[in-house]
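Each remark here refers to the structure printed beneath this line.
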Amino acid sequence: MNVDLALRLLFQMQRIRRVEEEIALRYPQNRMRCPTHLSTGQEAVPAAIAEVLRKDDFAVSTHRGHAHYLAKGGNLPALIAEIYGKASGCSRGKGGSMHLIDLSVGFMGTSAIVGNSIPIGVGLGLSAQLRGSDQISCVFLGDGAIEEGVFYESLNFAALRCLPVLFVCENNLYSVYSPLAVRQPSQRSIAGMAAAIGVAAATCDGNDALACYDQLREAVAHIRRGNGPRFLEFATYRWREHCGPAFDNDLGYRAEAEFLAWQAREPLARLESRLLAADGSAAPRIAQNLAAIEREVLAAFAYAEDAAFPAPEAAFQGVYCE
Amino acid sequence: MTALNFAAAINQALHVAMEMDPTVICYGLGVTDPKAVFGTTANLEARFGKARVFDMPTAENAMTGVAIGASLGGIRPVMVHQRLDFFLLAMDQLVNAAAKWHYMFGSQCSVPITIRLILGRGWGQGPTHSQNLQAWFAHIPGLKVVMPSTPEDAKGLLLASIFDPNPVVFLEHRWLHNAVGDVPDGDLRTPIGPLRLARRGGDITIVAMSYLTVEALHAIRYLETRGIDCELLDLRTVNPIDWPGIYASVEKTGKLLVLDTGYGTGSVAGEIIARVAMERMPSLRCAPVRLAMPDVPEPTSFALTQGFHVRAGDIAATVLQMLGCELADVAEKLPEPIPHDVPGSWFTGPF
């Protein structure tokens, strides 16, 4: 095992987890006043993305985008300030949790409309191809987006023009409260469908950070060599409610046993135990990382809570680019 | 200055833009086919290459998103659809992404895309090949919406649209494609916003857009013989609307007739009348009037479209009524042309 790599992946996952859980903890204070979708339980894929993409690569994401923003290197205090609706938020308070951007690291935006950012990511890939750049464009999407027509249209064009696009599908089995079983035929695979459209595709355990890393690294190298788009489907699971801070298994839309089975395969503990088995001396480094994350996250929340709201007139500014 | 028809003026604007700026690309269904979207995209592929000029999958929504993404990556895409109606599949990308990306992300990036949509009419275009939905687009903050009526404005406004940092919906009427006019050579920018004073007059303000500017001119020529002096404002853009230009004219004439190529209810014309009534009521000497399409899908049959569209005769008769004049010979002097469903003998369909 590459201990340094495993430590970095674990650090990324622990950081994402800590941010999401602090949001969940403070959300009931009613100071974060926007729809907020947490990625707790789904940290492995973004952590691996953080290792395989370059800063100048592009990424676009969805309503559940905090983890992707952080994985791409997005500014943490600006993320929290945005959720608090502050002027120093990453979108100046105009977007909230569902509309995140950090142009300095190629994170080009997230959309609250299912499937909406898929063709935009493909267009960013087209721009890289037209400029003769070796940048790639990473499109995060969920299993619900597969059901949108724009998914087929976008993959078709990416395949047609051999575009440098990495499709990262996190299949967490639910679209809000609707399970996959009522939305897609059980015998059909999402990756298989992407392959049928003409985009080379594979599946992966999305709760195994090292496996995610291996698959993504290979896919990125393939795309960067000019071989066209790749599609990866990651099996993973959302712990908390679709939107908001709570656990909601009491609603009965999914079985407690299913939840517990996924929790038993949760990505942080899995990697940490493998890491410690491979190198017992990693324990103090893990502890150091956790302490650093704790300081960073609490500082980001303190910053966001203290930051100024935008002036009222800002609501009427910026409709058009001058 | 060269005499060009409207379609050739658009073609020239595309050549000028692509020559000036290597980041301009052009795509849409039929862009590289032998008909070249009514000639508007002729010779672009041969001159600028397959990477920058290409036909596309029949995927209006995703290809709009591709334009948005490409623009975020430094490209200036110009898309075209042979009918506005086809583009309705792309309203999600236009409204939820293109119109929002600048505002929603705190003015940090913009979406410089141009979407050309062709407005159909006549020759049985029917319910889904003839819709003039400019009001839908004008309703969305963040979009600019352009509706030229002359070849010069087609060129100048298209170049302005392409180099505008915002998403622009460029609406071109199929019945204008063969209209000829003098067009300045080279780079020409017509500002997006100001209306064009098409005719100065003192008795009544007629606000028109796109093809209805032509019908209005026919009406005005007749009304001149009746001693009526109309002012004609060619709106040119329906978002933004040139309010000072409209108000100044209404203050002078005290009478307002607005012509709209779209359905009447919820129309741009309705917005103009509402705003004038709210802002310039004391100037109005009679109730403002609008002439627009009936709130009915356009039927297909030759028989059913007789008298269906707003024509010069309708405009002239309305002006006469507003001024309290006899209709007299307006019906004989401005009959609906025969056949009524083509802009001229040059138009023989199929679309």
Side-chain angles (χ1 to χ4, degrees), chain A residues 58 60 82 87 89-96 98-103 106 108-113 115-131 133 135 137 139 148-158 160-161 163 165 310 314-315 317-322, chain B residues 22-25 27 49-52 54-77 89-90 92-93 95-113 140-144 164-168 192-193 239-240:
Chain A
F58 295 121
V60 293
E82 185 61 33
C90 63
S91 301
R92 311 293 180 254
K94 297 278 183 67
M98 298 194 289
H99 302 112
L100 307 175
I101 195 165
D102 190 336
L103 295 176
M108 305 304 285
T110 64
S111 171
I113 307 296
N116 180 273
S117 58
I118 301 173
I120 296 172
V122 171
L124 284 158
L126 176 66
S127 80
Q129 187 185 68
L130 286 168
R131 287 184 280 101
S133 149
Q135 291 163 293
S137 177
V139 177
E148 298 285 358
V150 77
F151 166 78
Y152 302 87
E153 298 181 18
S154 300
L155 263 68
N156 178 62
F157 187 67
L160 176 74
R161 302 282 290 204
L163 297 179
V165 182
Q317 295 164 350
V319 177
Y320 292 93
C321 180
E322 301 302 330
Chain B
T23 70
V24 176
I25 65 172
Y27 64 88
K50 292 178 187 305
R52 293 177 63 196
F54 49 92
D55 210 327
M56 70 169 211
T58 314
E60 291 81 2
N61 195 32
M63 293 312 296
T64 304
V66 165
I68 295 165
S71 77
L72 294 171
I75 304 297
R76 288 187 181 273
L89 287 159
D92 172 54
Q93 287 299 322
V95 176
N96 284 322
K100 302 290 190 293
W101 225 258
H102 179 69
Y103 182 87
M104 182 164 84
F105 294 113
S107 308
Q108 295 174 82
C109 49
S110 69
V111 176
I113 64 173
I140 306 299
L143 299 180
K144 294 186 178 181
D164 194 281
N166 298 284
V168 181
I192 296 175
N239 188 0

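Lettering follows sequence order; numbering is per chain, from 1. What you see is a predicted model, and the numbers here were worked out from it, not measured in a lab. When reading the values below, keep in mind they use all heavy atoms of this one structure, side chains included, and skip hydrogens, waters and symmetry mates.
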Quick check on [X] against chain A: is it the side chain, the backbone, both or neither that has a heavy atom closer than 4.5 Å?
X      : result
B:I75  : side chain
B:A67  : neither
B:K144 : both
B:I113 : neither
B:L143 : backbone

Whether the side chain of [X] engages the backbone of [Y] through a donor-acceptor N/O pair (distance < 3.5 Å, no angle test) should be reported.
X      : Y      : answer
A:S111 : A:I113 : yes
B:Q108 : A:I101 : no
B:Y103 : A:C321 : no
B:H102 : B:C109 : yes

Contact winner vs chain A - [options], heavy-atom pairs under 4.5 Å:
options              : answer
B:I68, B:L89, B:N61  : B:N61
B:L72, B:I25, B:V111 : B:L72
B:A51, B:S110, B:G73 : B:G73

Which atoms of [X] come close to chain B, meaning under 4.5 Å heavy atom to heavy atom: side chain ones, backbone ones, both, or neither?
X      : answer
A:E82  : neither
A:N156 : side chain
A:Q129 : neither

| Is the NZ or CZ atom of B:R52 positioned over B:Y27's six-membered ring, under 6.0 angstrom from the centre and within 45° of the axis? | no
| task | Would you mind telling me which of A:L163, A:V60, A:I118, A:L100 has the largest number of heavy-atom pairs within less than 4.5 Å of chain B? | result | A:L100
| request: Mind ranking A:L124, A:V150, A:I120, A:L103 by heavy-atom pairs under 4.5 Å with chain B and telling me who comes out on top? | output: A:I120
| said: The test is side chain to side chain contact (heavy atoms under 4.5 Å, CB included); show your working for B:S71 and B:W101 and say whether it passes. | reply: CA-CA 11 Å; B:S71 77; B:W101 225 258; over 6 Å; no
| A:H99 vs B:F105, side chain to side chain contact (heavy atoms under 4.5 Å, CB included): CA-CA, chis, key distance, verdict | CA-CA 7 Å; A:H99 302 112; B:F105 294 113; 3.6 Å; yes
| said: Could you work out, with side-chain hydrogen bond (donor to acceptor under 3.5 Å, both in side chains) as the rule, every residue matching A:Y152, not counting sequence neighbours? | reply: none
| query | Just how far is it from atom OG of A:S91 to atom CE of B:M104, taken to the nearest 0.5 Å? | reply | 8.0 Å
